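Heads up: the structure comes next, in structure tokens.
Keep in mind that what you see is a predicted model, and the values were worked out from it rather than measured. Numbers restart at 1 for each chain; the letters A, B, ... are given by sequence-line order, proteins then strands.
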Protein chains: 2
Amino acid sequence: MTLHPPRDGVGGRIAASTDAGAPVLPVPYLQGRVTMQQVAAEAGVSISTVSKVINGRYGVSAETVGHVTRVIDRLGYEASLVARSLRNHRTNVIGVLVMDFEPFSTEVLKGVADAIHGSGYELIAYSAGGHVEAHVGWERRSLSRLMGSLIDGAVLVTPTVTDVQADGRVVAVDPHTGPSGLPSVAADNLQGARLGVEHLLALGHTRIGMITGRSDLLSAQQREQGYREALAAAGVQVDESLVRCGDFEAEPAREAARDLLARSDPPTAIFAANDLSALETLAVAAELGLDVPHDLSVVGFDNIPESALADPPLTTVQQPIRRMGEEATRMLLTLISGDDLARPHRTLDTSVVVRASAVAPRGAR
Amino acid sequence: MTLHPPRDGVGGRIAASTDAGAPVLPVPYLQGRVTMQQVAAEAGVSISTVSKVINGRYGVSAETVGHVTRVIDRLGYEASLVARSLRNHRTNVIGVLVMDFEPFSTEVLKGVADAIHGSGYELIAYSAGGHVEAHVGWERRSLSRLMGSLIDGAVLVTPTVTDVQADGRVVAVDPHTGPSGLPSVAADNLQGARLGVEHLLALGHTRIGMITGRSDLLSAQQREQGYREALAAAGVQVDESLVRCGDFEAEPAREAARDLLARSDPPTAIFAANDLSALETLAVAAELGLDVPHDLSVVGFDNIPESALADPPLTTVQQPIRRMGEEATRMLLTLISGDDLARPHRTLDTSVVVRASAVAPRGAR
DNA sequence: ATGAAAGCGCTAACAA
DNA sequence: TTGTTAGCGCTTTCAT
């Protein structure tokens, strides 16, 4: 492995005068790493002249511009983003900082990309690698590493910490601890949960259990509250023994489901705080010989792709993830342009995606 | 909202000798952009000492290490990725270069993320913005901008140009013009298309139309060839009027679909060169009042997440996109470690995912 | 119209 | 053990 392949006489050929008798050989492509230095040498001008040409600054003769431009094209030169960002404060690059590239964050990423089209910005998505050590505080760490040099602003996806204060050019999507200092975009978890439970109520269910999420996360709290509010609004008393914590994770969710379904008087429907829990509930029901949806109705939350593939396909509450990315980006661009945000905290509507896992309870008309 | 929880007088306590009467105030947090310079000043040592501490170099007293470390923590300092990469040639960051963040590339991204977990690398995904001007040659441009400084190696997603020669630390995923100079990973498009069409033939269809992809791309050519081969193998004559170009894009695909379905003798099934075209076909069919799958069967290619959510869920040929990203990353890591690739061009198998958009044609037994 | 030189934040010789 | 210094590739005064 050669670190730097022989740059065969590029330096030699510039000799002539301008580029008179120069390029006979294909092109001194080199190892994909042409610097401004090399362009300058090849063109027989100074580095600063090349820089001026590239940035369209005044004070360069048309002739020189043409010549340098040709050399640039021939060499396939492109300014190093890194070197440039070290000098300039403006980079025209937006960053999307994620803990890891999984379904939720990549969906947000698509929304960001949508919103950025035509804005002239480039997009960089960064993940510290998803390794354990980086877990806590990844958002602050990533921000420190990139902000102010590589990127002009950042969209933070599902940050746990929102008290970072990075110059005001940061927007959080679905912050885990709820809107605080940072401008943020989130789905309306409260409304979503109400919608999900109302769907069940409308179907005729009254004994509706819930598998809740991680109690330290705002989204989980709101989803539980939505459940309670929907029941209350329908005049149904919440049976606390029907509320079990699933922590947004597979194993705890399975146990919660088992708890609920092994009772002598199981609920006729279960509302799960996320699709993952709902999917586990489906599995537990199957193990118990229960027929979903006829013996048990299940409604989830999130609408992850897997939900559509479940057996039966899961009825769930959909978050407009992609639109959340778009909206956050719009807010970010506003911030970057120096304007203030009219509404620093946006909440987007959710909706129920009706599939096959919830129907009227046995015996209902 | 506290910016940075008061770490009770740490600054005060170091005072003793080094930075005597200095920080009494909370902390000179500034605007989220702490530099090594500031850490050095705050700690009362030189910049290089701070650098040594951060990089664990020898020649710093345990006491100084402790002190500097504490200051770093207090200020929340994190080395700028940019400044560091300008100096070092090694950055421990892998780049995924894409034309745009759409379903295919984000799926590859997930695979890359999977493969990178635990490798100690960080991941940056970069898109020049998907704007038109950047269209041609985006891969070379992106490579020039990032390679050699920001990233140690790159995974190029669906590049059109593959004659880039960037030091050999580049792997292409699904190169549009087929395997050439660059190591590459691709799905077996020919086999996949045959599988998809054979599925339709097995269902009893014989009037099978096709919406083809961008004719300049190898994948599109192969998918069309697979379609033709499958029909030929089944003894079905290809009706050229049933083959329409959809360019792998929404609008052209819609038109192709309309063309095909508005005929007096429409095909009973359509094989689309990618899911996007298939999804558009579904939409057009719906507009035309056609019942998919009963009036028309549709089979796509790619199996992007959206396909499962379509109405009806799309039967499609699955490319192991995520695994392609994983494989490419494995190859890239091998290259970066200085080893040679045993097989520089990998082809991964495809398979048919049977969902609901294709059934036997009307009148078939 | 052009070039020399300083410096962005950092690391790595080299001095002290 | 510590600090000084020279760049990495680029942009930008400020001479020339």
Side-chain angles (χ1 to χ4, degrees), chain A residues 3-4 18 30-68 72 75 77-93 144-152, chain B residues 17-19 30-68 72 75 77-93 144-152:
Chain A
L3 267 204
H4 287 276
T18 17
L30 336 179
Q31 58 299 9
R33 180 71 175 307
V34 187
T35 74
M36 209 154 104
Q37 175 64 254
Q38 295 170 39
V39 173
E42 175 84 2
V45 298
S46 77
I47 292 194
S48 45
T49 299
V50 177
S51 173
K52 282 170 193 157
V53 169
I54 288 175
N55 297 290
R57 297 284 176 271
Y58 291 111
V60 187
S61 74
E63 196 186 0
T64 307
V65 170
H67 173 210
V68 171
I72 288 176
L75 260 19
Y77 169 79
E78 195 72 42
S80 155
L81 182 59
V82 164
R84 186 173 274 181
S85 19
L86 193 55
R87 259 310 305 227
N88 299 347
H89 256 195
R90 200 46 194 275
T91 60
N92 262 289
V93 178
S144 298
R145 282 170 75 73
L146 305 188
M147 201 58 184
S149 42
L150 229 214
I151 58 181
D152 290 344
Chain B
S17 66
T18 11
D19 45 0
L30 337 179
Q31 59 297 13
R33 180 75 173 306
V34 188
T35 73
M36 208 155 104
Q37 176 64 253
Q38 296 170 36
V39 173
E42 176 85 3
V45 299
S46 76
I47 294 193
S48 50
T49 298
V50 176
S51 172
K52 282 171 193 157
V53 169
I54 287 174
N55 298 289
R57 297 281 177 273
Y58 291 111
V60 187
S61 73
E63 197 187 357
T64 308
V65 169
H67 175 208
V68 172
I72 288 176
L75 298 198
Y77 169 78
E78 195 73 44
S80 154
L81 184 58
V82 164
R84 186 174 273 180
S85 26
L86 193 57
R87 249 329 288 233
N88 298 346
H89 256 192
R90 202 43 195 278
T91 60
N92 263 292
V93 178
S144 297
R145 281 171 75 74
L146 305 188
M147 204 54 185
S149 41
L150 229 214
I151 58 181
D152 290 343

TODO: State, yes or no, whether a side-chain contact exists between B:Val68 and B:Ile72 at a heavy-atom distance under 4.5 Å.
DONE: yes
Open item on the list: Expressed as a whole number of angstroms, how long is the span from B:Asn55:CG to C:dG9:C1'?
Closed with: 13 Å
Task: Rounded (10°) bend between the five-pair end axes of the helix from C:dA1-D:dT16 to C:dA16-D:dT1 - done: 50°
Open item on the list: Can you confirm whether A:Arg90 sits close enough to A:Asp152 that some side-chain heavy atom of one is under 4.5 Å from a side-chain heavy atom of the other?
Closed with: yes
TODO: Report which part of the nucleic acid B:Ile47 touches: base, sugar-phosphate, or nothing (heavy-atom distance under 4.0 Å, all strands).
DONE: base
Open item on the list: To check you understand the geometry: which heavy-atom pair defines the closest contact between A:Ser149 and A:Thr91, and what is its length?
Closed with: O-CG2, 2.9 Å
TODO: Go through the structure and list residues passing side chain to side chain donor-acceptor pair (under 3.5 Å) with B:Thr64, not counting sequence neighbours.
DONE: B:Ser61
Open item on the list: For a quick check of understanding: with a heavy-atom distance under 4.0 Å over all strands, which category does B:Ser149 fall into, base, sugar-phosphate or nothing?
Closed with: nothing
Task: side-chain contact (heavy atoms from CB on, under 4.5 Å) between B:Ile54 and B:Arg84, worked out - done: CA-CA 12 Å; B:Ile54 287 174; B:Arg84 186 174 273 180; 3.5 Å; yes
Open item on the list: Below the 4.0 Å mark, does C:dG9 have OP1 or OP2 next to a side-chain nitrogen or oxygen of B:Ser80?
Closed with: no
Open item on the list: Would you compute the distance between atom CG of A:Leu81 and atom CG of A:Asn88 and round it to the nearest 0.5 angstrom?
Closed with: 10.5 Å
Taking only nitrogen or oxygen atoms into account, show me every contact under 3.5 Å that the protein makes with nucleotides 6-8 of chain C, one pair per line with its distance.
residue : atom : partner : partner atom : Å
C:dG7   : N2   : A:Arg87 : NE           : 3.2
C:dG7   : N2   : A:Arg87 : NH1          : 2.6
C:dG7   : N3   : A:Arg87 : NH1          : 3.1
C:dC8   : O2   : A:Leu86 : O            : 3.4
C:dC8   : O2   : A:Arg87 : N            : 3.3

- [ ] Keeping the roles fixed (side chain from B:Arg57, backbone from B:Asn55), state whether a donor-acceptor pair exists under 3.5 Å.
- [x] yes
Open item on the list: Under 4.0 Å, counting only non-hydrogen atoms across every strand here, what does B:Val82 touch: a base, just sugar-phosphate, or nothing?
Closed with: nothing
- [ ] May I ask you to say what B:Tyr77 touches in the nucleic acid, namely base, sugar-phosphate or nothing, with a heavy-atom cut-off under 4.0 Å?
- [x] sugar-phosphate
Task: Heavy-atom closest contact (B:Ala79 atom, A:Arg145 atom, distance) - done: O-CG, 3.3 Å
Task: Rounded distance (nearest 0.5 Å) linking atom CG of A:Leu75 with atom OG of B:Ser144 - done: 10.0 Å
Task: Trace of the side-chain contact (heavy atoms from CB on, under 4.5 Å) decision for B:Ser51 with B:Met36 - done: CA-CA 8 Å; B:Ser51 172; B:Met36 208 155 104; 3.2 Å; yes
TODO: List the steps, then state whether side-chain contact (heavy atoms from CB on, under 4.5 Å) holds for A:Val93 with A:Leu150.
DONE: CA-CA 7 Å; A:Val93 178; A:Leu150 229 214; 5.6 Å; no
For nucleotides 14-16 of chain C, list the nitrogen or oxygen atoms of the protein found under 3.5 Å from its nitrogen or oxygen atoms, one pair per line.
none

Task: Nucleotide C:dC10, atom P - distance to CG of B:Leu81 in whole Å - done: 11 Å
- [ ] Only one of B:Val45, B:Val50, B:Thr49 passes side-chain contact (heavy atoms from CB on, under 4.5 Å) with B:Val39; say which it is.
- [x] B:Val50
Open item on the list: Quick check: on DNA chain D, is the nucleotide nearest B:Ser48 upstream (toward 5') of the one nearest A:Arg57, or the reverse? Name the residue that is more 5'.
Closed with: B:Ser48
Task: Rounded distance (Å) that lies between atom C1' of C:dA13 and atom OH of B:Tyr58 - done: 18 Å
- [ ] Could you tell me whether B:Thr64 contacts a base, only the sugar-phosphate backbone, or nothing, with contacts defined as non-hydrogen atoms closer than 4.0 Å?
- [x] sugar-phosphate
Open item on the list: The criterion is side chain to side chain donor-acceptor pair (under 3.5 Å); which residues satisfy it with B:Ser85, sequence neighbours excluded?
Closed with: none
- [ ] Return the value, rounded to whole Å, for the distance between atom CE of A:Met147 and atom P of C:dG9.
- [x] 15 Å
Open item on the list: Of all nucleotides in DNA chain D that come within under 4.0 Å of a heavy atom of chain B, which is furthest toward the 5' end and which toward the 3' end?
Closed with: D:dT1 to D:dG9
Open item on the list: Working to the nearest 0.5 angstrom, can you tell me the gap between B:Gln38 CD and B:Tyr77 OH?
Closed with: 9.5 Å
